[in-house]
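Read the structure below first, then the notes.
Chain naming here is simple, since letters A, B, ... match the order of the sequence lines and numbering starts at 1 in each. Heavy atoms only: backbone and side chains are in, while hydrogens, waters and symmetry mates are out.
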2 protein chains.
Amino acid sequence: MLSEEYKRFIERWGSLGVLWGINRSMARVHALLILSEEPVGLDTVTEELEISRGNASMSLKELRNWGVIKRVSISGDRRDFYVAEPDTWNMIFSIAAERKKREFDPALEALDNLLENAEIEEGTGVHERLTELSDTMKTFDHILKRFLGNEKVSRGLLEMLSGGKSI
Amino acid sequence: MLSEEYKRFIERWGSLGVLWGINRSMARVHALLILSEEPVGLDTVTEELEISRGNASMSLKELRNWGVIKRVSISGDRRDFYVAEPDTWNMIFSIAAERKKREFDPALEALDNLLENAEIEEGTGVHERLTELSDTMKTFDHILKRFLGNEKVSRGLLEMLSGGKSI
DNA sequence: ACAAACTTTCAATCCTTTCTGAATATACTG
DNA sequence: CAGTATATTCAGAAAGGATTGAAAGTTTGT
């Protein structure tokens, strides 16, 4: 049984989930796992959050796809249990990587597609703007890839940067 | 009158908009401005995109809030016209800053709120995880602030990083 | 092989968000 | 200042997504 404060947090996290492109249920389930001392099973999720089994099951699956929770087994129990990803950097990187894949990559692709297929006259403002946008996004992409691709390196960089050294 | 290829792009950008937390109409309007050689007025938007005036007006307003389009005036014409932000780095930074504000900041706030109000016993796994998550997010926040706060510095860094130097 | 647990699917329903269009406000012109 | 062009707002309609619950399917452990 959850305290009022915990419940409030779960609801708040859930509302935020909508802004994040994951849905309310998923975010609530995630919050529940973050707040749970013990691994959590499907039944607990449905009971505490008052959502259907189907919804709970799907949400857990999606959260696993995002890499922010993990399945664990408890010996002597046949059921599946879940815990939030314990490494918070991992969690943040997983989210960032997943969102890049879903939101950024397709946009860049759409743009390059357009540049290839629509025969936009060179020298026009539109052509110039689109190529510039594509270039800028590619640079961004490049940086994100490096950043998210090599965890250890990134952490080092992050810690260094956050440590007060001027960029 | 837009070519088929342009129309396809606009629709594609619109679908992506949904993933981005801005809605389809806003994203379509944005795409239209990106593709337009000339400044675009409200009427053009409603006609090309076949949306209501109200929707077009709201979308333009929101896009201005995001800082990805600008209002311009054409002498001799009383109406308002709009163009896409011409500086693509600016555009990307605006989007990043806006999204941080909407998605990241409230999450961090919710977390710190919880830590303050719910008296979670120190030494428990939950307490440890929550403080660690908060710390990690604060580091992230710090970096993002620096990065987005000083445009010139960031650009320099970006260009340097993308220029092949190993991190 | 059986049973317990979990997953998937899907139509019906509920809830949210988006869009419309008329009403309202604002700005410009002569 | 009256009249007209333009822009914005907002209540209600429409569309779109999420959730449920039940049924069918799958996996796992004994």
Side-chain angles (χ1 to χ4, degrees), chain A residues 10-33 38-66 69-83 102-103, chain B residues 10-33 38-66 69-83 102-103:
Chain A
I10 289 174
E11 295 317 316
R12 184 91 191 280
W13 208 252
S15 315
L16 289 170
V18 178
L19 296 176
W20 298 30
I22 71 175
N23 67 34
R24 171 175 262 87
S25 294
M26 255 179 85
R28 295 207 313 149
V29 173
H30 187 212
L32 177 64
L33 295 210
E38 310 287 325
V40 168
L42 193 63
D43 287 331
T44 310
V45 173
T46 59
E47 281 157 27
E48 292 291 356
L49 265 36
E50 302 184 77
I51 61 178
S52 69
R53 285 180 84 67
N55 190 359
S57 176
M58 285 304 209
S59 296
L60 287 166
K61 185 188 169 188
E62 264 300 275
L63 287 167
R64 242 178 312 141
N65 288 344
W66 278 70
I69 71 173
K70 281 185 161 38
R71 182 150 51 179
V72 297
S73 54
I74 290 182
S75 66
D77 199 322
R78 173 193 299 191
R79 289 169 296 173
D80 291 340
F81 291 89
Y82 303 87
V83 295
R102 293 179 186 222
E103 302 171 16
Chain B
I10 288 174
E11 295 317 317
R12 184 88 191 281
W13 207 251
S15 314
L16 289 170
V18 178
L19 296 177
W20 298 30
I22 69 175
N23 67 36
R24 171 176 260 89
S25 293
M26 256 179 84
R28 295 208 311 150
V29 173
H30 187 212
L32 177 64
L33 295 210
E38 309 289 325
V40 168
L42 193 64
D43 287 332
T44 310
V45 173
T46 59
E47 282 157 25
E48 292 291 357
L49 264 35
E50 302 183 78
I51 61 179
S52 70
R53 287 179 82 69
N55 190 0
S57 176
M58 285 302 215
S59 297
L60 288 166
K61 186 187 169 188
E62 264 300 275
L63 287 167
R64 243 177 312 140
N65 287 344
W66 278 70
I69 71 173
K70 280 184 160 40
R71 182 148 53 179
V72 297
S73 55
I74 291 181
S75 66
D77 199 320
R78 172 195 300 191
R79 289 169 297 173
D80 292 340
F81 291 88
Y82 302 86
V83 295
R102 294 179 184 220
E103 300 171 17

Heavy-atom donor-acceptor pair, [X] side chain to [Y] backbone, under 3.5 Å:
{"X": "A:Ser57", "Y": "A:Gly54", "result": "no"}
{"X": "B:Ser59", "Y": "B:Asn55", "result": "yes"}
{"X": "A:Arg28", "Y": "A:Leu49", "result": "yes"}

Heavy atoms, side chains only, cut-off 4.5 Å: are [X] and [Y] in contact?
{"X": "A:Val18", "Y": "A:Asn23", "result": "no"}
{"X": "A:Leu60", "Y": "A:Leu42", "result": "yes"}
{"X": "B:Val83", "Y": "B:Leu33", "result": "no"}

What is the distance, rounded to the nearest whole Å, between atom [atom1] of [X] and atom [atom2] of [N]?
{"X": "B:Leu63", "N": "D:dT8", "atom1": "CG", "atom2": "P", "answer": "13 Å"}
{"X": "A:Asn55", "N": "C:dC14", "atom1": "CG", "atom2": "C1'", "answer": "13 Å"}
{"X": "A:Arg64", "N": "C:dC6", "atom1": "CZ", "atom2": "C1'", "answer": "10 Å"}
{"X": "B:Arg28", "N": "C:dT18", "atom1": "CZ", "atom2": "P", "answer": "14 Å"}
{"X": "B:Ile51", "N": "D:dA15", "atom1": "CD1", "atom2": "P", "answer": "16 Å"}
{"X": "B:Tyr82", "N": "D:dT6", "atom1": "OH", "atom2": "P", "answer": "13 Å"}
{"X": "B:Glu62", "N": "D:dT9", "atom1": "CD", "atom2": "P", "answer": "11 Å"}
{"X": "A:Asp43", "N": "C:dA4", "atom1": "CG", "atom2": "P", "answer": "14 Å"}

N or O in side chain of [X] less than 4.0 angstrom from [N] OP1/OP2:
{"X": "A:Ser52", "N": "D:dG21", "answer": "no"}
{"X": "A:Asn23", "N": "D:dT19", "answer": "yes"}
{"X": "B:Lys61", "N": "D:dA7", "answer": "no"}

Apply side-chain contact (heavy atoms from CB on, under 4.5 Å) to the pair A:Tyr82 and A:Arg64, showing each step before the final yes or no.
CA-CA 9 Å; A:Tyr82 303 87; A:Arg64 242 178 312 141; 3.6 Å; yes

Minimum-distance nucleotide (side-chain atoms of A:Arg53 versus D:dA7, C:dT20, C:dT7):
C:dT7

Using a 4.0 Å cut-off on heavy atoms, which residues in residues 74-81 of chain B reach DNA chain D? List them by number, or say none.
B:Arg78, B:Arg79, B:Asp80

Closest nucleotide of DNA chain C for B:Glu50 versus for A:Arg24: which of these residues is on the 5' side?
A:Arg24

Map A:Ser59 and B:Leu42 onto DNA chain D by nearest heavy atom, then report which one ends up closer to the 5' terminus.
B:Leu42

